[in-house]
Every structure is written in structure tokens, then in C-alpha cells.
Amino acid sequence: MDKTFEPQSIEQQCYKAWEDAGLFKASGSGDPYCILLPPPNVTGSLHMGHGFQQTIMDALTRYHRMKGDNTLWQVGTDHAGIATQMVVERQLNAEGKTRHDLGREDFIKKVWEWKEHSGGTITGQMRRLGTSPDWSREVFTMDEDLSKAVTEVFVKLHEEGLIYRGKRLVNWDPVLHTAVSDLEVLNEEEDGHMWHMRYPLADGSGELVVATTRPETMLGDTAVAVHPDDERYQSLIGKEIKLPITGRLIPIIADDYVEQDFGTGCVKITPAHDFNDYDMGKRHNLPMINILTDDAKINDDAPEAYRGLDRFDARKQIVADLDAQGVLMKIEPHKLKVPRGDRTGAVIEPYLTDQWYVAVESLAKPAIEAVESGEIRFVPENWNKTYYQWMHNIQDWCISRQLWWGHRIPAWYDENGSVYVGRTEEEVRDKHGLGSDVTLSQDDDVLDTWFSSALWPFATMGWPEETPDLETFVPSSVLVTGFDIIFFWVARMIMMTKKFTGKIPFKDIYITGLIRDENGDKMSKSKGNVLDPIDLIDGIDIESLVTKRTAGMMQPQLAEKIAKRTRKQFPEGIQAYGTDALRFTFAAMASTSRDINFDMARVEGYRNFCNKIWNASRFVLMNTEEHDTGRDGGEMVLSLADRWIWAKFQQTLVEFEKALEDYRFDIAAQTVYEFTWNQFCDWYLELTKPVLNNDASTEAEKRGTRHTLINVLESLLRLLHPLMPFITDTIWQRVVPLSALKVEEGASIMVQTFPEVDAAKQDDNVLADIEWVKKFIVGIRNIRGEMDISPNKPLNALLKNVSDEDARRLDAAKAFLDKLSKLETVTILKDGEQAPASATALVGEMEILIPMAGLIDKDAELARITKAMEKIDKDVSRTRGKLSNDKFVSNAPEAVIEKERAKLEEGEKALAKLKEQFETIQAL
RNA sequence: GCGUCUAUAGCUCAGUUGGUUAGAGCGCUACCUUGACAUGGUAGAGGUCCCCUGUUCGAAUCAGGGUAGACGCACCA
């Protein structure tokens, strides 16, 4: 084995071996355990969030697979309507073409070609991450089977009246020329203006002043509203206004939606271009005048002067014209929330169009109940509040999109515009008795991408057929996802799965935090702080990293800033840390907080951890290969240390499994890290040396220690495997032939059983014994450290106050103590026997004395004792204070008081001994 | 406006139902190339647990009120 761990040399071939051997498939036996991969966009590439969540999913999958469950990780990708269409359109644009030049059919063909060619990026990257989903079941949301499920759901919901078509005000993206749902609109506060305009009364008796942030919409005004109780405007209610520019007469109406204190208390009402106005328009039966085109230009229903103007140009023109007419009273700066499309960033326009909707209220109810009843559990639990809040106020879902890439809506129109919904055109014709003389044309629109995503839990299991998979893997065990898609996806899956299978889609919803950069900023291309998980695995030189981060930047200044920042942060580029280190980092950072600041230093730390495992394994192999490890029997005597490491391992195993149970991957990671580094490496490996490198050891003792070395390591590798698949399998291949485990040639660790807690190996006494040994050794190290005595200098130790227990332990651990603290002699002082002036360490009540003659600096030892005394004294006085407080003694539980008493006693004894010691030395 | 979350060592974070000497990693200091590992070892320094008030024998932990920050939903033209 190499001296350092080189992840590059093992990972890819390791993965290939697993995949070729078909190890990712569900076993078909055991309890079902299923995780649904949130299908990433086909356009996508792996980002840190994916890496993080997939690490968790894979750890769970591997763990449950090893536990013997019938484990399925269902994988697939999403067609991501808007995102994908935009990618392909951008390519066309680069060739100077638009999708309209190709036409619908050819364009879609082009998208499929693109998907075949580039769609596999992310699944390739998932393999680099070591994920173990069942690739043989990989699906795409536009596959035939899934499309069938989509159609089926649409038709069924339509039959029940839960999908309907209607002309309503929708969020319109004028760049994409499509409607989008409420969730796809982001409202950001921006600086704008408030224009105050005079609207003259039709009868010439006066005027009203209205305030607006969107003066151009006045072209579509059909009323002015005031509050019914507003004393200022009482007399005007019912009168008419002569709208400037258009000259139309519009009524003054009263509606208590109007806030008297805001603006002037008069609101212009434009029902076709504002959601609130739309509602008011319906209440008052106002006409709805649409003044815009699909791309948000002024349409031909407006006065000629403005036709064809972009809405923002029209705004300028209208403001200028109003001003010229003396109608514009004032302009104030004003902050307002501007709705923008989440994909395009374009200002969204409320726009009157025909769209398809899902009536969600009746679907929401059982979905709410599923969480309220505890059938579905959010982890951490408080996310259910977010869920309820949205679900209780849920609005009908606009599902039609005026795009080409997606599931086409299964609705057909005849020449009269009547609409027929069915699975196919033939079905529609049969059902409605439409002969071949009737021309039918299919609806041009496609469905919102999230519509098919909502069916993921059952559509991937073969629905609408009644399949065994549906029976076995619905509900799935846990959904691992981010809080950003609770509404988009999680809630909708619950609604649809409940509706169509009667079952919940998953039992637990583990909501992960969002990965941010080291400063807590969101990682984004424009900030130039994006990390690519693959770069952390393979490493990347600084030039390539800068190029990557600044590629395709529209603004050169921004690119420069990003380059500078990147060079500063990574002067040497990024090292290759390997997949296992990255995965372990993700796991270790998975605490309950909602934001996770990604700290590169931690990856480095865990890379070092990998190296530690590697070298510990080297040590173990060096001492076991070509030796008798007791694999085939032979007498074995286990040392105290051997029994201790087994006991410690049992503890670790219990803690680890508990942590996974609670989805606390940070605790799980910490637990195994602590065991591996601080117990196994720091102590156990050192404690084997006195046995193995000692001529006095019997063959049975050596065999026992070798056996323990190799088998604890073997078990530890299996324990670590869910988090660090590559390094564990690689080492395990070397280790297993020496271990007690009998497996076939070429077997992989990933399908072995997970270690099981062995009650026979749990041993509190042995744990306490080694704690005593550690205290002893650390005590001597302390003296050496602070007295500046070389670790190589052999010492003679005297022991005072030695109890029977101490004597027993001393006897059992003599070899360990001699070797690890380099002791030449250890002498037990008899009661009352005078000790020479010595440096002291305490192990419980036993004193270790290192005679000072020729060794120790008197002042240094006095200082050392003083320091120790101060520390203990502080504690003792606090404890004494507590115990002398009557209220504490009468109110606190007996166990707590007892603990304090014991602490006090122990502290006082220690203090007394140190004091005595201090005096002895001082007297020198 | 409604709701959620966060504040602990220089940095990134743990801290389970109130009872610890408040922990870890990284960083820092000193010493050490000892035959697994310098991507290492040994020892060590470092904290007003954001502030105030309360509950309690006892508060980082519970309650109330602040301060600072993050986020979600709704929204005033």
C-alpha cells in the first residue's frame, strides 16, 4: 500500500465493478426501503446541493441495503420544460435562428437530440459521487410510461371536474410568452415612482387625484374606487370620470378594499392588468379592457399613438402626455414589489388568457390531514408549519404553459371551439361521437413541469397499472429534499399520490439545509462563488477554475471581480480531495440548521481522516498479513486493550445507528470520526504494540491481538462504508481474507451485512479499566510535557494510595504502562512509607510520583501544582456553595445531590494531596 | 402585516427532556521526524453562551421583552 491515500486511483474502477455486478438493484427480500431521488433537471449539472442531498440519500440507501432491507433508490431525470427549452433555444439563437424557424415538430426533435447528447451529464456526475441508485430503473419524465400516467391523471381529474379551463388573470412572462404559476413569480422590492394624476369629473364639477405606480395601465382603467366611508369622496360615489387621453367615461365606485390613508385614497381600477383590480372588477361588473399583447406591448385596442410601444416606453410617453395636458400632479419616489419570472427575470404581467387549472382545495384537505395525523413526518418537525400555512391558503394551480417542450395537454377543439378531453384523439371521437368530418386540433399548450413531478412517487412504480412495485414501494421511506421545493413539489406529490393511490407518498420528509459559501452567501454564477463537487473530488488548477467561473459572463467588470476573488481564495487552485472526503464532509455538516456554510477547511480535514484510515489500515495489514490472525482457529488470549476496543466499537455502533435513525448525519459522522481517530488510532493501535513487539508475549496473546486488529478494522470498514464507499471497499478487499468473515472471491463490502451489536462484547468494566490506563499515561505525559522531560527518557514511578482495584489494573496493564509512558520501574509505596520529592499526577485517588532528583525544576513543578490546585479549587468551592444552600439540598433530586457530594469529596481529597505535595517540594 | 429560523472559541459548527469542568474540527503556541500516518504525534492557550427581565435550589437550555441577521407567505393603487 502507498504511504498516502490516493483516491483517484481507486474510485472509478471501484464504481464500475459495483455497477457491472448489478449491486444497486433491490434485493427483493427483506423489509422494503425506498428513497425517491428528486429528479434533477436533464439540463443540469451536479451542484453542491445535489452532492449534499445525494450523499445523504446514498448513505441511507447503503446502510439499509447492508441491514438486509429490500432497498430501492429510484432514479430519474426531469424534462424541466422551461429550463430545457431555453437551453436549446439559446443554441438556436446562436445560429441566428428561433424555434419558430424550425416549427414545433422539428424543435421538439432537436430538444430530444440535445437530451440524448447532453442529458447524461448529471447521472455521470452522480456516479462520480459514488451514489448507488438502481440505474436499470432510470426514468425520464417524458418517457412513454410516465407520459401515460400524466395523461391518465389529467383525464381523471378533468372527469371529476378538478381540472378546468377558464379565462382568468394569470402571471404572464412576456419573454417566454407563457403563463407561469404563482410560485414561479418572485417579488422583490425595487425603487419606483408613484405618479399622482388628476382625473376630471365628467360633469366638469371637479376632479379626483389618483396615485399609481403604473400610469400606462390607465389606458385600461374602467373605474376609480374610493372607500365607502371616506368622507372626502362621499358625494362623488356614483358619478363619472372622464379618463384623460382616452376620453372614456368611467364610474366612481365604492369598495372597502381601498385604504383611505394610502396615496390619495382614490384608486384607479384596471381589472385586466392587476389582480386586486380584477377581483374588484368582478365584484362591480366592470368591463375588462386588455391593453397589452403577448410580449407586453400596447395593443390595438389602445389609442393609436401608443400602439406597439413596449409597456415601459408607453409609460414614459403617457407620463409625458399627461404632463403636457396638465393632468400630472406630482411624482414621488416609491418602493414597490416588482414581480419577476424566476427563470427570465422579466417583469411579470397580469394578463387575461385562457388557461387550464387544477382545483386544489379538495386535494389539499387529505394532504393536510396526512401531516396533521403524523402519518407523514417532517424532519425537522417545524417545517410542517410552513407546509400548513401554504396549504391552508392554497390557490388553484395554473398548469398550462405556452411552451413546446413538455407533456401536451390531452384536449382537442373542434372548429366551434368546443373542447374535449381524452386520452387520445380516437377516444375523444368515440366518446363524443365525432365523425371524421369533424376537424379536431389538439391544444397547443403543455403542462407545467411540476405536474409530472407531482406523480413521481407512483408513476415511477408503474401506475396506472397495478404493479407489485406500487404495492411494495409506495409509500417510500423518506424524501430527502430542500425546503425551497416544499410547495413546488412535496405538497403536490402528497396531494396527487393520496388522490390516485390512496396512500401517502413517503413517511418521512427530511428537509436539508441549503449549501452556501463560506460567508453564508448563496452560491451563484453571478457571484462567482460556485463550487463544483467534481472539482473538490478531482481538484482543479487555478487557471481552469477562473475560466470556469467567468465563462459566459455578460459583464466584463463582473468577470474581472470574480477572477480576482477566486485567485485570492484559491491561489493554488483546489486540491483533489476525493469522493470519500467530500461525502464525509457533507455528512458532517448535515446538522439541523437551515443554512450550511461550506467550509473548505473541513474537506481538507476529512481528506486527512481518509489518510488516517488508510495508514491505520497499513499498520494493521503490516502486522497481520503473513501472520496467524486466528482465522482458522488456534488458541487466542485477548488483552485488556483488545477487549476494550471491541467494547468501544459496540458503543460507537449503537450511537451511529441512533444518529442515522434521527437523520443526524453530523452526529453519525462525528461518532465514527472520534472512534476511528481518537480511540482506534490514538490508543488501540498503540496498545497493540506492547503485545506484538514483545518477546514475552505468548503466541496466543499475539494471535488474539492480531485477530482483534484485523476484525475490528473489518467491522469498522463496514460501519464507515455508507459514508465513505470507495476507501472502505478498497481496503476491505485486502482485509477480509485475514478476517473471520468468509466471503466469496471478489465479493464487495457494499452487499455485506452491517455490523451488529454484540452484547457479549459490551463490557463496562473493561471500558473503565482502559480509562484508568489512559489517565495514568496522560498523567505521566503531562509531567513530561510541563517539566520538559524528553519522551525518550525512561522514568521510575512510585505509586501511593494504591487501592486493590488500582493494584489489579496495574497488574493487568503493566506492559501498556511501561511501554506507552516509557517507565523503567513502577514501585508501590507501602502505607506510611516516605516518598522522595516528586512530581505528581492523580489517577482517581492514586498518586503517581516521579522522583525529582536530577530531573525536575522545583519552581516549574510548584507552578504546575498550583495551576492544578486552582482549577480544582474553583470547582470545589462552587460545589461546596451549592451543597451549603438549603434550598438546593431540599429541592434537587437525590441523584443530583449525591453526584455533587461525590464531586466535592473527590475534589477535596485531590486538593489535599496536591497541597501535601506542594509542601514537600517547597521544603526542598 | 402573518409566519419561520439564527445568534456559543479567531473561523465553521455541535450542545438531546434545565444539573458537564460548555465541546469538536480548522486556525494558533510550544515541543517531537518514535518503524502506520508531518495529510502525523504530544502538550497547551483561547468563551460576558447577543442584551435585559423573569421562572427555578439551579438557565447556553424554559418564558417574556429587546437588538442584529436570514428566509417564507400575503400585500397599498
Side-chain angles (χ1 to χ4, degrees), chain A residues 1 3-5 182 187 194-195 210-214 217 224-225 257-259 261-270 274-277 334 336-337 380 382-383 385-386 388-390 393 483-484 486-487 514 516 518 520 522 575 577 581 588-589 591-602 604-623 658 662 664 666-667 670 673-674 678 681-682 685-686 689 693 778 781-782 784-786 788 790-792 822 871-872 874-875 878-879 882 885-893 895-897 899-900 903 907:
Chain A
M1 277 172 94
K3 201 171 165 183
T4 48
F5 171 54
D182 300 341
N187 292 293
M194 181 88 92
W195 286 270
V210 299
T212 181
T213 54
R214 300 204 54 192
T217 61
V224 169
Y257 154 79
V258 179
E259 299 232 1
D261 303 337
F262 190 86
T264 59
C266 302
V267 192
K268 61 188 272 306
I269 303 300
T270 321
D274 180 281
F275 288 100
N276 289 310
D277 293 6
H334 181 73
L336 73 163
K337 290 277 176 78
N382 57 279
W383 285 110
K385 291 188 182 164
T386 307
Y388 292 143
Q389 199 195 340
W390 189 70
N393 298 298
F483 56 82
D484 49 337
I486 289 178
F487 307 146
L514 244 44
R516 296 166 174 279
E518 69 283 0
K522 209 168 166 180
Q575 287 185 58
Y577 295 113
M589 293 193 315
S591 67
T592 53
S593 75
R594 74 166 53 175
D595 293 316
I596 293 165
N597 297 354
F598 191 85
D599 182 5
M600 288 288 289
R602 293 192 65 172
E604 189 169 339
Y606 294 125
R607 187 271 316 261
N608 295 353
F609 180 51
C610 291
N611 193 53
K612 192 77 180 173
I613 295 169
W614 185 258
N615 276 292
S617 304
R618 276 180 68 209
F619 174 84
V620 172
L621 289 168
M622 230 175 249
N623 284 287
K658 167 79 168 65
D662 297 340
R664 288 300 303 268
D666 56 332
I667 294 176
Q670 204 200 337
Y673 182 96
E674 206 274 339
N678 304 126
C681 293
D682 286 352
L685 296 188
E686 294 306 321
K689 291 173 186 174
N693 305 334
V778 168
R781 279 180 189 164
N782 258 311
R784 283 185 192 272
E786 290 178 36
D788 216 14
S790 156
N792 298 322
K822 194 113 182 157
K871 212 170 177 180
I872 297 172
K874 220 167 108 186
D875 205 32
R878 184 173 34 211
T879 309
K882 262 192 196 174
N885 181 344
D886 286 345
K887 285 180 178 169
F888 172 73
V889 178
S890 52
N891 285 315
V896 173
I897 297 170
K899 210 169 136 193
E900 292 295 322
K903 204 162 93 185

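Residue numbering restarts at 1 for every chain, and letters A, B, ... go by the order of the sequence lines.
- Pair check for B:rA7 finds B:rU67; Watson-Crick or G-U wobble, both atom distances under 3.5 Å.
- Nearest-nucleotide mapping onto RNA chain B: of A:K658 and A:K887, the residue sitting toward the 5' end is A:K658.
- Remark: B:rA14 base-pairs with no nucleotide; criterion is Watson-Crick or G-U wobble with both hydrogen-bond distances under 3.5 Å.
- Using a 4.0 Å cut-off between charged side-chain N and carboxylate O, A:K871 and A:D875 make no salt bridge.
- Here B:rC57 is the nucleotide among B:rU12, B:rC71, B:rC57 with the atom lying nearest to any side-chain atom of A:N885.
- Relative to the side chain of A:N891, the nucleotides B:rC57, B:rU12, B:rA36 differ in distance, and B:rC57 lies closest.
- Within 4.0 Å (heavy atoms only), A:K689 reaches at least one base atom of the nucleic acid.
- For B:rU39, the base has a donor-acceptor partner in the side chain of A:R607 [N/O atoms by modelled type, under 3.5 angstrom].
- Judged by atom type and distance alone, A:K612 reaches the base of B:rC37 through a side-chain donor-acceptor pair under 3.5 Å.
- Counting heavy atoms from C-beta on, the side chains of A:T592 and A:R664 come closer than 4.5 Å.
- Across all strands shown, B:rA38 has no partner, as no Watson-Crick or G-U wobble contact with both distances under 3.5 Å is found.
- The base-pairing partner of B:rG1, taking Watson-Crick or G-U wobble contacts with both distances under 3.5 Å, is B:rC73.
- Residue A:D682 is classed as a sugar-phosphate contact, given heavy-atom separations below 4.0 Å to backbone atoms only.
- The base-pairing partner of B:rC62, taking Watson-Crick or G-U wobble contacts with both distances under 3.5 Å, is B:rG54.
- Using a 4.0 Å heavy-atom criterion, one finds that A:K337 contacts the bases of the nucleic acid, with or without backbone contacts as well.
- Side-chain N or O atoms of A:D274 include none that pairs as donor or acceptor with a backbone N or O of A:T270 at under 3.5 Å.
- Separating the C1' atom of B:rU34 from that of B:rG40 is a span of 12 Å, rounded to the nearest Å.
- The side chain of A:Y257 sits closest to B:rA77 out of B:rC5, B:rA77, B:rC37.
- The OH-P distance, from A:Y577 to B:rC26, rounds to 13 Å in whole Å.
- The residue among A:T4 and A:I667 whose nearest nucleotide of RNA chain B lies closer to the 5′ end is A:I667.
- The side chain of A:N782 lies closest to B:rG44 when the candidates are B:rG44, B:rC71, B:rA38.
- The side chain of A:Q389 has B:rC73 as its nearest neighbour among B:rA36, B:rU21, B:rC73.
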